[in-house]
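No hydrogens, no waters, no symmetry mates; every other heavy atom, side chains included, goes into these values. Every value quoted in this text rests on a predicted model; they were computed, and no experiment measured them.
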Number of protein chains: 2
Amino acid sequence: MYDKIITTKLKDNNYKLTEQRAAVLDVMLANQGQHLSAEEVLYLAKKELPNIGIATVYRTLERFAAINILYKTMFAGDKYRYEFCNDRNHQHHHIICLDCGKITEVEDVLLNNLEHYLENQGYQVVDHDLKFYAYCPECKKK
Amino acid sequence: MYDKIITTKLKDNNYKLTEQRAAVLDVMLANQGQHLSAEEVLYLAKKELPNIGIATVYRTLERFAAINILYKTMFAGDKYRYEFCNDRNHQHHHIICLDCGKITEVEDVLLNNLEHYLENQGYQVVDHDLKFYAYCPECKKK
DNA sequence: AAACGCATGATAACGATTATCAAAATCAGA
DNA sequence: TCTGATTTTGATAATCGTTATCATGCGTTT
Ligand SMILES: [Mn+2]
Ligand SMILES: [Mn+2]
Ligand SMILES: [Zn+2]
Ligand SMILES: [Zn+2]
């Protein structure tokens, strides 16, 4: 029922798909493109599984992020947010509007140069995280 | 006694330089290139001013960051770190070694392209924050 | 059935930051 | 210089996201 890539990742990490984990996964799949906090995931998952607890949500999000089913990031130093991560949107970055808080996404293209440079310096780059703080077109007009 | 740029920024924001604030500023000036937590700043500032309190340190760091005397950033989702910010190192980015945790710095050069692109899209980019997670040359050898 | 191991949920603990508030210092005007 | 207003400070309480703990449950293997 789930995408083959997902079930493969789960199996490769011999990772049991309990009903709690399925509920979390369903929430994340149903909200692609959104950046949900653990509390928001709990709220949504309770609709499918009313007795699920916050600890399980945290544990599940953490593990899904570890096997790259989810992308975990923090935008404003307050709390982590999670989004479903397929191979299309894997490396993308965020523009956070300083006025309305809206988050939009940027493709990862021009960073490859910089990474290659660092690898020539002897680094082995595993990941990067780029955020732009800006006024979005709507807010800029005001 | 302080750089003219600093005193100007303080005056422009009619910002009184109390002995507590001077102690914090001294700590940051004496530790350029380091990324200090509030707790570490407190520890160091107490050597100059033993009665300074943690609340004042937080308040002072916050305000110095607001007028761009300090650069405030968070590396691993745990706590904020601060570093002195002059006009030379203003826009730079960090490589965090996933093994030893060492932080090194990257000049900000290749991001201008991306920013220009976003500005053409109607954004007004104010700041950006880029972190690389990598193995540093020493740790890569192991 | 018994023993094992992993998963769960309730809740306590943690830790960084912020809020509160009374006291102290500083400032502005008479 | 007195005086009242304003700002700053330090102790400490409160907040809040996250992690740790632990007893319970449940599926699997002997
Ligand atoms: Mn995103
Ligand atoms: Mn730095
Ligand atoms: Zn906006
Ligand atoms: Zn290293």
Any side-chain heavy atom of [X] sitting closer than 4.5 Å to one from [Y]?
X	Y	result
His94(B)	Arg81(B)	no
Phe64(B)	Tyr15(B)	yes
Glu105(B)	Glu83(B)	yes
Ile6(B)	Leu29(B)	yes
Thr18(B)	Thr56(B)	no
Tyr2(A)	Leu10(A)	no
Ile52(B)	Glu19(B)	no

Exam field: side chain Lys131(B) to backbone Phe75(B), donor-acceptor pair closer than 3.5 Å: no
N/O donor-acceptor pair under 3.5 Å between Lys72(A) side chain and Tyr80(A) backbone: no
Rounding to an integer number of Å, can you tell me how far [X] [atom1] sits from [N] [atom2]?
X	N	atom1	atom2	value
Leu36(A)	dT18(D)	CG	P	13 Å
Leu49(A)	dG25(D)	CG	C1'	15 Å
Leu42(A)	dT19(D)	CG	C1'	16 Å
Ile52(A)	dA10(C)	CD1	C1'	14 Å
Tyr15(B)	dC27(C)	OH	C1'	18 Å
Asn51(B)	dA25(C)	CG	P	11 Å
Glu40(A)	dC16(D)	CD	P	15 Å

Residue whose nearest DNA chain C nucleotide is more 5′ - Lys16(A) or Lys46(A): Lys16(A)
Contacting residues from residues 19-29 of chain B, given that a heavy atom lies under 4.0 angstrom of DNA chain C: none
Heteroatom pairs (N/O) under 3.5 angstrom, protein to nucleotides 13-18 of chain C:
unit_1	atom_1	unit_2	atom_2	d
dA16(C)	OP1	Lys79(B)	NZ	3.3
dT17(C)	OP1	Tyr80(B)	N	2.7
dT17(C)	OP2	Tyr58(B)	OH	2.6

Smallest separation among heavy atoms of Lys9(B) and Ile67(B), with atom names: CD-O, 3.3 Å
Residue pair Arg21(B) / Leu17(B): nearest heavy atoms and the distance that separates them: CB-CD1, 4.0 Å
Under-4.0 Å side-chain N/O to phosphate OP1/OP2 contact, Arg59(A) with dG9(C): no
Short side-chain N/O contact to dA7(C) OP1/OP2 from Thr18(A), under 4.0 Å: no
Bend angle of the helix from dA1(C)-dT30(D) to dA30(C)-dT1(D), end axes from five pairs each (to 10°): 10°
